[in-house]
Amino acid sequence: MRYDLVIFDNDGVLVDSEPISNRLLAGYLTELGHPTSYEDSLRDYMGGAMHRVHDLVLERTGQRLPSDFDDVFHGRVFAAFEQELEPVPGAVDVLEKLAADGVAYCVASSGSHERIRTGHRKTGLDRWFDDERIFSSQDVGRGKPAPDLFLHAAARMGVARERCAVVEDSPLGVRAAVSAGMDVYGFTAMTPAERLDGATRLFADMGELADLLRG
């Protein structure tokens, strides 16, 4: 294996949550008087922390979102997860191969710890990720596209940045990994390849990833 640590994004990479959460985010913003399509949500918010939603709405409209926005939104998302959420096809196979090869891995997500753990419990991925392997934008001052979260994860896992590979599906995440000085594998299942500019490699099927990482 070319790397000592593989850092996975969560939403859209391990759990197939992006269609759910972006559908609900677009609907909620529209409900509050900020018309947003599903495609708008993917373009503007996919891969970002919640503060990005607040910041962009304030920048564009001069209006602040309600103080309970995050709580209401996450309540809707978690309820939908219980009904709809599945792991990304091939994700478990990749984790099995990394474990068999003795390669360390972790997750570094813009989502909250609660969101990560809720999704993992629902999909059965919790058996692969104990608390020592879970990192959230809540752990650092700045979320993606800043490199802070990936650098924090590598430091906590005890691996130099040049020995890390990041698996990402959002432009914000790719930018963060590049800024961190890490190789990044761009997953194009939901994101057009041209939007993941800067990725070390691009791939469309999670089943391909283990062989790419062995490269």
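Since this is a predicted model, take the numbers as computed values, not measurements.
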Residues Thr123 and Pro87: closest non-hydrogen pair is CG2-N, 3.5 Å

With a 4.5 Å limit on heavy-atom distance, are the side chains of Met50 and His74 in contact? yes

Rounded to the nearest 0.5 Å, what's the gap from CZ on Phe78 to CZ on Arg115? Could you check? 7.0 Å

Taking the side chain as every heavy atom from C-beta outward, state whether Met46 and Asp169 have any atom pair closer than 4.5 Å. yes

Taking the side chain from Ser110 and the backbone from Gly47, do they hold a donor-acceptor pair closer than 3.5 Å? yes

Distance check, rounded to the nearest 0.5 Å: Asp40 atom CG versus His34 atom NE2? 13.5 Å

Report yes if some heavy atom in the side chain of Met206 is under 4.5 Å from a heavy atom in the side chain of Asp93; otherwise report no. no

List the residues meeting side chain to side chain donor-acceptor pair (under 3.5 Å) with Ser17, not counting sequence neighbours, and say none if there are none. Asp11

Contact between Leu213 and Leu98 at the side-chain level, heavy atoms closer than 4.5 Å - yes or no? yes

What heavy-atom pair brings Leu24 and Val77 nearest, and what distance separates the two atoms? CD1-CA, 3.8 Å

Under 6.0 Å from the six-membered ring centre of Phe135 and within 45° of its axis: does the NZ or CZ of Arg156 meet both? no

Decide, yes or no, whether a salt bridge links Asp131 with Arg117 under the criterion of side-chain N to carboxylate O below 4.0 Å. yes

Please list all pairs passing the salt bridge (charged side-chain N to carboxylate O under 4.0 Å, His left out) test where one or both residues lie in residues 97-113, with sequence neighbours left out. Asp101-Arg214

Correct closest heavy-atom pair for Lys122 and Leu85 would be NZ-O, 3.2 Å

Side chains of Ile7 and Met157: does their closest heavy-atom pair fall under 4.5 Å? no

CG-CD distance between Leu65 and Gln63, expressed to the nearest 0.5 angstrom: 9.0 Å

Rounded to the nearest 0.5 angstrom, the CD-CZ distance for Glu208 and Arg201 is 9.0 Å

Test of understanding: with salt bridge (charged side-chain N to carboxylate O under 4.0 Å, His left out), list the residues that count as partners of Glu162, not counting sequence neighbours. none

Can you spot which of Leu125, Val166, Leu209 makes a side chain to side chain contact (heavy atoms under 4.5 Å, CB included) with Phe8? Leu209

Minimal heavy-atom distance between Asp44 and Arg52, with the atoms involved, is O-NE, 2.6 Å

Taking only residues two or more places apart in sequence, or in another chain, which ones meet Asp71 in a salt bridge (charged side-chain N to carboxylate O under 4.0 Å, His left out)? none

Nearest-0.5 Å distance that lies between atom CD1 in Ile20 and atom CD in Glu84: 4.5 Å

Heavy-atom closest pair, residues Ile116 and Val107: CG2-CG1, 4.4 Å

Please name the pair of heavy atoms, one in Asp139 and one in Ile134, separated by the smallest distance, quoted to 0.1 Å. OD2-O, 4.4 Å

Heavy atoms from other residues, nucleotides or ligands near CD of Glu132 exceed 12 (cutoff 6.0 Å): no

Should Phe73 and Tyr45 be regarded as members of a common hydrophobic cluster, given that ILVMFWY residues are connected when their side-chain heavy atoms come within less than 4.5 Å of each other, either directly or indirectly? yes

For Asp55, look at atom CG and say whether over 12 heavy atoms of other residues, nucleotides or ligands are found less than 6.0 Å away. yes

Calculate, to the nearest 0.5 Å, the distance between atoms CG and CZ belonging to Asp183 and Arg163 respectively. 10.0 Å

Assess whether atom CZ of Arg2 is packed by more than 12 heavy atoms of other residues, nucleotides or ligands within 6.0 Å. yes

Would you list the atom pairs, donor with acceptor, under 3.5 Å between side chains in residues 146-154 and any protein atom, with sequence neighbours excluded?
residue: Asp148; atom: OD1; partner: Arg142; partner atom: NH2; Å: 2.9
residue: Asp148; atom: OD2; partner: Arg142; partner atom: NE; Å: 3.4

Would you please name every residue forming a ring pair (Phe, Tyr, Trp, His ring centres under 6.0 Å) with Tyr105, sequence neighbours left out? Phe129

